[in-house]
Q: 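Below you'll find the structure I mean.
All chains are named by letter (A, B, ...) in the order of the sequence lines, taking the proteins before the strands, and each is independently numbered beginning at 1.
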2 protein chains.
Amino acid sequence: MPLPDFRESAGPLPCAGGKGNSIPEATVARLPIYHRVLTAMAEQGIITVSSEELATACGVTSAKLRKDLSYLGSYGTRGVGYEVEFLGYQIARELGLTSPWGVVVVGVGNLGRALVSYRGFASRGFRILGLFDSHPDVVGSTVAVVDRSFTVRPVEELAEVVADQGAHIGVITTPADAAQDIAERMVKAGLHSIVNFAPVVLNVPTDVEVRKVDLAVELQVLAFHEQRRKNPAGSVVTELDPQRSVSGDRKAMNA
Amino acid sequence: MPLPDFRESAGPLPCAGGKGNSIPEATVARLPIYHRVLTAMAEQGIITVSSEELATACGVTSAKLRKDLSYLGSYGTRGVGYEVEFLGYQIARELGLTSPWGVVVVGVGNLGRALVSYRGFASRGFRILGLFDSHPDVVGSTVAVVDRSFTVRPVEELAEVVADQGAHIGVITTPADAAQDIAERMVKAGLHSIVNFAPVVLNVPTDVEVRKVDLAVELQVLAFHEQRRKNPAGSVVTELDPQRSVSGDRKAMNA
DNA sequence: TAGATTGTTAATCGATTAACAATC
DNA sequence: TAGATTGTTAATCGATTAACAATC
C-alpha cells in the first residue's frame, strides 16, 4: 500500500536562536495583529495608547498584550502607555518587516489575484517579484495592481527570477493537484520559505519551512461550534444510546 | 481620545457542553486536516491506514493523532489501524459536516470569487445561499461556480435571504472599511457565526462568534523566521549594545 | 505627592510527548 | 501464539492569567 509519502515540514523551527531571547510562537502569531491595529491608529493620528486600549482594539486581554510586548523589550512608559508609532515600528522591526522580502506567487486564479492586489503586502515590506502560472491561457496576461502591473510568466521561469532578483518567499495559490510540483520547483530554485494556500499537505526537505493557510478550516471549526450550540451534549448519541452499534453508524455513513 | 471600541468576540466558547465530553480547541482545529487527507485516501481506494501513516500524511506525530482521535471515540482496531472511510465519516460527523450549513458571502472581489469557486465547500456540507456586494457595478452580475451560478445581490437583501433560506454562517470578503458594517448587518439578520477575511478586528455582541482569517499573517510569521535564520541572535542589537538609546531607535524609525 | 499604567512574577491551565498496557 | 498497533497514562512543556511591585 504505497501511501504517497507527503509530509509537511512539521515546522516552526525552535523559534529563535538560543536561550532567553526567543519569542514564543503564540506571541509571534499575534504580533501582526498588533502591528496592523497600531498602523491604523497612527493613521488616525492617535499618539499614545494604553495596553488596555490597544488590547481591546486587538481583541485580546491586556495581560496577554503586555506579556507579548515584554518579549520585545520595554517600549512603554509606566503611568502613560505606549507611543503608537514607536511601538508599531518596534514590532515591524521584530517581525522583519522593515527590510523588504522578495515574494514570488505561483497560481494566478482568483486567489492569486486577490493576494497580489492586497495593499497590505507592499506596505508591510513584501515586494512581489513575479507572478507565475502553468496554464497557457493565463501566461502572458497582465495583472494590474495598485501601482504596478505584472505579466504572468510560465512556471519554467521561476528559478531564473528567484536567482536573478533574490526572492525569499514563495506563495502557492494553485489548485491542489499542482501544489506539490510547484513546491519542488520552489525548493530547487533555492527558496526556504513557502506559504501554501492549496488544500494539500506538502512534502518538502526539513530545511524548508511551509506555512499552510486553509481557507476552509475556520468555516469547519465554526460548523463544529454551531453544532455544539444547538446540541450542547456533543456527539453524544453514543453516550446516551449504548445500543447503537458501530455497524449502525456505518449505515448512517452510507445513507 | 475616543478609541473606536472595536473588539472581536474573544471567541472559542468553552468548546463543548459540559464535563469530560469536550474536545480541545487544538484538536478541533486539526480535525479538518485529518478529514481532508482521509477523503483523499478514500478516493485513492485506500481501505485501512495506521496512525503512523495517517499522521505522516497529515504532517503531525502519530502520538498527537491518536490522542486527537481518542477524543472522538474508539474508532480504530488494535493491531490493524483505522478504516479510512469510516474514520473520515466519524470526523465529518463530529465537525458537523454531515448536515448542510447555509452560507452567505458578502464581498464579491477576487477573494470572494475564489472562495465561492472552491470545490471543497460544497463537498463538506456548506451550501452557498447567496452572494452579496454593495458596489453597483458588481450587483446583478453572475458568478459561475462548478455546478451552479449566482447572481450577485445588493447587501440590502442579506437579511431577507438569511431569514427565508435559513443561513447559519456569514463570510466577509469585503475590503477592511466595509467589514464592520457588514458584520452588523449579519448580526441583525440573525447570524451567530462569522468568518472574517477582512483585515480588521470586528466588534460584535458576545453571543456571536467571529473567526478571523488573515491572509498576510503567515507571510509575516515567515518573514520573522527568515530573519532569524539569517541573524539567529534576534533583535538583539539592544542586548549587545546597551549604549543604543531609544532615541537612536527613533531615528532608525524615521529613516 | 497621588494616580495611572507598565513589566514581571507565580500560579493555573491546556497541549504535547513518549512510553506502554490492552488487545486485535 | 507472535506481531502489530491502538487507546491511555503520566510527565513535560508552553501559554494564559491575575495580581502587584516598580515607576512614570
Q: Can you work out whether A:Val80 or B:Ser70 has the more 5'-proximal nearest nucleotide on DNA chain D?
A: B:Ser70
Q: Between C:dC24 atom P and B:Tyr75 atom OH, what is the distance in whole Å?
A: 17 Å
Q: Who is the Watson-Crick or G-U wobble partner of C:dA21, with both distances under 3.5 Å?
A: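 With both distances under 3.5 Å, C:dA21 matches D:dT6.
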Q: Identify the heavy atoms of A:Val60 and A:Arg30 that sit nearest to each other, and give their distance.
A: CG1-CD, 4.2 Å
Q: For the pair made of CG in A:Leu54 and C1' in C:dG7, what is the distance, rounded to whole Å?
A: 15 Å
Q: What is the distance from CD of A:Glu25 to P of D:dA15, rounded to the nearest Å?
A: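 Whole-Å distance recorded here is 8 Å.
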Q: Just call it for A:Ala26: base, sugar-phosphate, or nothing, with non-hydrogen atoms closer than 4.0 Å on any strand.
A: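 Sugar-phosphate, no base atom in range.
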Q: Rounded to whole Å, how long is the line connecting atom NZ of B:Lys64 with atom C1' of C:dG14?
A: 13 Å
Q: Taking the side chain as C-beta and beyond, is there a heavy-atom pair between A:Tyr75 and A:Glu83 under 4.5 Å?
A: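 No, every pair of side-chain atoms sits at 4.5 Å or beyond.
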Q: Could you please name the partner base of C:dG14, counting Watson-Crick and G-U wobble pairs only when both distances are under 3.5 Å?
A: D:dC13
Q: I want to check one thing: is the phosphate of D:dT9, taken as OP1 and OP2, less than 4.0 Å away from some side-chain N or O of B:Arg66?
A: no
Q: In whole Å, what is the span from the CD atom of A:Glu83 to the C1' atom of C:dT5?
A: 15 Å
Q: Distance check: side-chain N/O of B:Tyr71 vs OP1/OP2 of C:dA15, anything under 4.0 Å?
A: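 No.
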Q: Should A:Gln180 and A:Glu184 be marked as a side chain to side chain donor-acceptor pair (under 3.5 Å) after you check the CA-CA gap, both sets of side-chain angles, and the distance that decides it?
A: CA-CA 6 Å; A:Gln180 179 61 40; A:Glu184 283 164 22; 2.8 Å; yes
Q: Once hydrogens and angles are ignored, does a donor-acceptor distance under 3.5 Å link the base of D:dT6 to the side chain of B:Arg78?
A: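 Between D:dT6 and B:Arg78, which were checked side chain against base, a qualifying N/O pair under 3.5 Å is present.
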Q: Any ion pair linking A:Glu52 and A:Arg66 (charged N to carboxylate O, less than 4.0 Å)?
A: no
Q: Once you round it to whole Å, what is the distance between C1' of C:dC13 and NZ of A:Lys67?
A: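 After rounding, the gap between these two atoms is 14 Å.
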Q: Please give, in whole Å, the distance from C:dT17 P to B:Glu52 CD?
A: 13 Å
Q: Less than 4.0 angstrom between a side-chain N/O of B:Ser51 and OP1 or OP2 of D:dT6, yes or no?
A: yes
Q: For A:His225 and B:Glu25, test the side chains for any donor-to-acceptor distance below 3.5 angstrom and give the result as yes or no.
A: yes
Q: Please report the distance, rounded to the nearest Å, between CG in A:Leu72 and C1' in C:dT6.
A: 14 Å
